[in-house]
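Notes to accompany the following structure.
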Protein chains: 2
Amino acid sequence: MARSSEVCRSNCPINFVLETFGDKWTLLIVRDLMFKGKRTYGEFLESDERISTNILADRLKRLEEHEIVEKTVAPDNRSKLIYSLTPKGKDLLPVMLEITAWSAKHDATTNTPNSFLDMFAAAKDKMMSAILSELE
Amino acid sequence: MARSSEVCRSNCPINFVLETFGDKWTLLIVRDLMFKGKRTYGEFLESDERISTNILADRLKRLEEHEIVEKTVAPDNRSKLIYSLTPKGKDLLPVMLEITAWSAKHDATTNTPNSFLDMFAAAKDKMMSAILSELE
DNA sequence: GGAGGTACTTGCATTTTGCAAGCATCTCGC
DNA sequence: GCGAGATGCTTGCAAAATGCAAGTACCTCC
């Protein structure tokens, strides 16, 4: 369904994700919703990466169209809109954790000081070796 | 090290990945190397998504700079170059598997063999067991 | 030494992004 | 009930990235 609204380059699962998240900004919005407790347009604008207003509006619209994010009116203030992750959006959690683990392993400047992450990465190493040996 | 060659927007691990893979093409090259057995410039050009020659050359160069991909001369033909994943590139496997699992769950049109998902599920079970046994 | 394979590079039109400014709707205090 | 502020966008335009077609450089093989 998501694919019907745009050009589809192939039926590969990796490509499917790229057609939604293949840019520098979309995944940051998911991150802010999932890990940083941000919920409004104004809060997304304040993130370190300094997304511009037109790009933010466009990406929120696309995320809604893909049913990854949904928008509701704040109960206490009708001029305030609350963005939140749908179940489909929340299902991205394992992807986000693997990305975080990879960055923590390969980038010294990344801020992810977490002892559980080390154990997580070590277990992943075993899994990766097992699968790679089967692929070769 | 990878970050020194370009603008760095923040020290977030999600952003770190986006600075390399935040476009529509880079991850497809990793996919072709990891799952499709492609190894040469000409083979990457033949993929379903139809990457153009200048973009492919640019992305291969960046992937080399980030030490995710390395290039060697083919032993049998000195005009042929063989691209392959470095250990850092192979470490992306868990990310790729989670992306594939997410797409398989949320896109009916995605072509993902069940055998592939089964292998992933089995490996993930092993991983979870490994984590649980370390916790005890 | 010429044809064909392999890996790019270049030029240019089109598309996307980044930045600054402006606009629309709602809320709150008086 | 009205003006100031909060919130969430939209618009216009310059700059950068992308897509396409064509051309170049090096190697191999006959």
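The sequence lines fix the lettering, A, B, ..., with proteins before strands; numbering per chain opens at 1. Since the model is a prediction, treat every value here as computed from it, not as a measurement.
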Nearest to side-chain heavy atoms of B:Thr53, which nucleotide of C:dC8, C:dT6, C:dT17: C:dC8

Any donor-acceptor pair under 3.5 Å linking the side chain of A:Lys71 with the backbone of A:Leu81? no

Taking all atoms of both residues into account, what is the closest heavy-atom pair of A:Phe21 and A:Leu27, and its distance? CD2-CD1, 3.7 Å

Atom CD of B:Glu43 to atom P of C:dG5: distance rounded to whole Å? 15 Å

Can you figure out which of C:dT10, C:dG5, C:dT17 approaches the side chain of B:Asn54 most closely? C:dT10

Rounded to whole Å, please give me the gap between CG in B:Leu45 and C1' in C:dT6. 10 Å

Nucleotide interval of DNA chain D bounded by contacts with chain A (heavy-atom cut-off, under 4.0 Å): D:dT7 to D:dG12

Could you walk me through whether B:Arg59 and B:Asp23 pass the salt bridge (charged side-chain N to carboxylate O under 4.0 Å, His left out) test, one step at a time? CA-CA 10 Å; B:Arg59 295 306 186 276; B:Asp23 77 294; 3.0 Å; yes

To the nearest Å, how far apart are A:Glu49 CD and C:dT17 P? 16 Å

Using a heavy-atom cut-off of under 4.0 Å over every strand shown, decide if B:Tyr83 touches base, sugar-phosphate, or nothing. sugar-phosphate

So what does A:Arg59 touch, heavy atoms closer than 4.0 Å: a base, only the sugar-phosphate, or nothing? sugar-phosphate

Atom CG of A:Leu28 to atom P of C:dT17: distance rounded to whole Å? 13 Å

Roughly, in whole Å, what's the span from CZ in B:Arg78 to C1' in C:dA7? 15 Å

Heavy-atom nearest pair, A:Trp102 first then B:Lys88, reads NE1-O, 3.0 Å

Which sits closer to the 5' end of DNA chain C, A:Lys24 or B:Leu60, going by the nucleotide each is nearest to? B:Leu60

Can you tell me if CZ on B:Arg9 sees more than 12 non-hydrogen neighbours from other groups inside 6.0 Å? yes

For C:dT9, does either OP1 or OP2 sit under 4.0 Å from a side-chain N or O belonging to B:Tyr41? no

Rounding to a whole Å, what distance do you find between B:Asn77:CG and C:dG4:P? 17 Å

Counting the atoms with a prime plus P, OP1 and OP2 as sugar-phosphate, which does A:Lys71 contact under 4.0 Å by heavy atoms, base, sugar-phosphate, or nothing? sugar-phosphate

Just compare C:dC19, C:dA7, C:dT9 and give me whichever is closest to any side-chain atom of A:Ser52. C:dC19

Within 45° cone of A:Trp25 ring axis and under 6.0 Å: A:Arg50 NZ or CZ: no

Report the C-alpha distance between A:Ser47 and A:Lys38 in whole Å, list the side-chain angles of each, state the deciding distance to 0.1 Å, and finish with yes or no for side-chain contact (heavy atoms from CB on, under 4.5 Å). CA-CA 9 Å; A:Ser47 288; A:Lys38 303 197 174 189; 3.0 Å; yes

Can you tell me how far C1' of C:dT17 sits from CD of B:Glu19, to the nearest Å? 16 Å

B:Arg9 CZ to C:dC19 P: how many Å, rounded? 11 Å

